Amino acid sequence: MDNKRKIYNKLLDLVKEENVKMDELLKDHLYTKLGGRADFFITPTSFQEVQNVVKLSNEDNIPFTLLGNGSNLIIKDGGIRGIVINLKHLDDISTDGNTLVAQSGARIINASRYALKKHLSGLEFACGIPGTVGGALYMNAGAYGGEIKDVLDYAYVVDREGNLVKRLASELDLDYRTSNIPDNGDIVVEATFNLKPAKYEEIKEVMDDLTYKRESKQPLEYPSCGSVFKRPPGYFAGKLIQDSDLQGTNIGGAEVSKKHAGFIINKDNATTSDYISLIEHVQKTVKEKFGVDLEREVRIIGEDPEQ
Ligand SMILES: Cc1cc2nc3c(=O)[nH]c(=O)nc-3n(C[C@H](O)[C@H](O)[C@H](O)COP(=O)(O)OP(=O)(O)OC[C@H]3O[C@@H](n4cnc5c(N)ncnc54)[C@H](O)[C@@H]3O)c2cc1C
């Protein structure tokens, strides 16, 4: 039996058969619609299953990668070796008084809508962010003046050893589009938010307004990974790109959006290398023109394709 089949069989001891796939095409799971295959793609249905997979990965030295809703990731065309863990089945959301608890595979948009239904304010900013709760904590997602840091109380994570551990928000080093979750190697499995009671109509009005702003300014009709770059101190990435006359520039099928300069869209069957080349071209042009380094917000992971 080859090694890959052996790992597959071990995973079947931990996760139900319908939740383990081999050679899964990742582009189907990504907002950019780009990316090669994962050796193993698993969708656990309990925290215990996540813990068991981490322990197996440690014992057998198999790397693993978390994939949320794929809205802040570019995966290279050679795909990902080892195990990709996707928590889409861990998506419960509930409230208790002013507290909202969401499992990490739930969409943050759904958590925001659930809060509205329960007349709780604080997650309005997240009503159009297309990631999961886990992905939102990972990068302290935010929009229109709000961010995860403002409302997160604590999270449960599975740590590197496979233990279920509680981490207070203050222990996560949440800052502008960053946290210590990647450095610690934690897998977020659940988050608890502190919200405030408010009138349904007032919360809804804010969400409607933010949705209007987003829909009118962002090229949501094309696959993309949202804003590609972080806001450089003292500047706006979109404005620098616009003032560098880069809107409409394309490499292969990837294009700097004409609607929102901070977005790169997959306009016409782009490859990952088109995307990455265009990102580098934008960084180089802005640096030459304004002397500003644009730091990527989007993560690029995976292997280059074999030649
Ligand atoms: C159209 C569009 C609009 C967007 N608007 C915004 C915006 O307004 N504000 C904003 O902040 N972002 C925005 N984004 C970016 C993106 O939605 C957020 O970064 C989101 O938080 C990513 O979540 P995800 O589940 O898609 O993560 P993924 O893209 O799947 O993963 C991102 C990173 O998080 C890690 N990760 C995912 N889940 C977990 C977990 N459970 N535990 C540990 N690590 C995990 C992954 O390993 C990866 O490194 C936008 C994206 C798009 C496409």
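The first residue in the sequence is number 1, and the count goes up from there. Atoms within a ligand are numbered from 1 in the order they appear, just like the ligands themselves. Because only heavy atoms are used, hydrogens play no part in the values below, and waters and symmetry mates are left out as well, while side chains stay in. Bear in mind the structure is a predicted one, so any value in this text is a computation, not a measurement.
- Residue-level proximity to ligand 1 for S104 is carried by the side chain, the only part with a heavy atom below 4.0 angstrom.
- Between atom OG of residue S94 and atom CD of residue Q103 there is a gap of 8.5 Å, rounded to the nearest 0.5 Å.
- With ligand atoms numbered from 1 in the order given, ligand 1 contributes 11 (O) to contacts under 4.0 Å with heavy atoms of R177.
- There is a side-chain donor-acceptor pair under 3.5 Å between D77 and T272.
- Atom OG1 of T65 is separated from atom CG of D39 by 10.0 Å, given to the nearest 0.5 angstrom.
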K284 and E288: CA distance, side-chain angles, deciding distance, salt bridge (Lys or Arg N to Asp or Glu O under 4.0 Å) verdict: CA-CA 6 Å; K284 186 165 167 280; E288 280 167 8; 3.4 Å; yes
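- Taking any N or O of V188, backbone or side chain, at least one lies under 3.5 Å from an N or O belonging to ligand 1.
- Closest heavy-atom approach to atom 21 (O) of ligand 1 within the set G226, G135, A106, P182: this belongs to G135.
- Residue-to-ligand polar distances place Y138 within reach of ligand 1: an N/O pair is separated by less than 3.5 Å.
- The shortest N or O to N or O distance between G70 and ligand 1 is under 3.5 Å.
- Distance alone, capped at 3.5 Å, places no donor-acceptor pair between the N98 side chain and the K196 backbone.
- Close approach of ligand 1 to A143 (heavy-atom distance below 4.0 Å) involves ligand atoms 8 (O).
- L34 places none of its side-chain heavy atoms less than 4.5 Å from the side chain of I75.
- The residue among L73, L67, L66 with a heavy atom at the shortest distance from atom 31 (O) of ligand 1 is L73.
- Between atom 25 (O) of ligand 1 and the options T132, N86, I75, the minimum heavy-atom separation is to T132.
- Below 3.5 Å of separation, one finds no N or O of Y31 facing any N or O of ligand 1.
- Scanning the protein heavy atoms around atom 24 (P) of ligand 1, the nearest turns out to be N69 N, 3.4 Å.
- The closest heavy-atom contact to atom 15 (C) of ligand 1, among the options G128, A191, S224, S71, comes from S71.
- The residue from K88, R214, E147, E190 that puts a heavy atom closest to atom 5 (N) of ligand 1 is R214.
- Atoms of ligand 1 lying under 4.0 Å from at least one heavy atom of D186, given by number and element, are 43 (C).
- The number of heavy atoms from other shown groups lying within 6.0 Å of NZ (K204) does not exceed 12.
- Here OH of Y200 is found 13.5 Å from OG of S121. Values are rounded to the nearest 0.5 Å.
- Taking the six-membered ring where the residue is Trp, F263 and H260 present tilted rings, their angle falling between 30° and 60°.
- Annotation: cation-pi pair K166/Y154 present, NZ/CZ under 6.0 Å from the ring centroid and within 45° of its normal.
- Of the protein's non-hydrogen atoms, the one nearest atom 49 (O) of ligand 1 is R299 NH1, 2.4 Å.
- In terms of polar-atom proximity, defined here as any N/O pair under 3.5 Å, S227 makes no such contact with ligand 1.
- The only member of D186, V188, I181, N72 that meets side-chain contact (heavy atoms from CB on, under 4.5 Å) when paired with Y138 is I181.
- In this structure, atom 13 (C) of ligand 1 lies nearest to the protein heavy atom I129 CG2, 3.9 Å.
- Geometrically, ligand 1 and G142 share a nitrogen or oxygen pair separated by less than 3.5 Å.
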(message) Under the criterion salt bridge (Lys or Arg N to Asp or Glu O under 4.0 Å), I'd like the reasoning laid out for K230 against E295: C-alpha separation, chi angles, the key distance, then a yes or no.
(response) CA-CA 6 Å; K230 294 186 182 184; E295 189 193 338; 3.4 Å; yes
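- Comment: E297 does not engage R231 in a salt bridge, judged by the lack of any side-chain N to carboxylate O separation of less than 4.0 angstrom.
- Those atoms of ligand 1 that come under 4.0 Å of a heavy atom in A141, given as number and element, are 11 (O), 21 (O).
- Distance from atom 39 (C) of ligand 1 to its nearest protein heavy atom, with residue and atom name: G134 C, 3.8 Å.
- In this structure the side chain of L116 never reaches within 4.5 angstrom of the side chain of L123, judged on heavy atoms.
- Of the heavy atoms in C225, only backbone atoms (N, CA, C, O) come closer than 4.0 Å to ligand 1.
- In this structure, atom 4 (C) of ligand 1 lies nearest to the protein heavy atom P130 CD, 3.6 Å.
- When heavy-atom distances to ligand 1 are checked against a 4.0 Å cut-off, L220 comes that close only through its side chain, counted from C-beta outward.
- Looking only at protein heavy atoms, the nearest one to atom 29 (O) of ligand 1 is N72 N, 2.8 Å.
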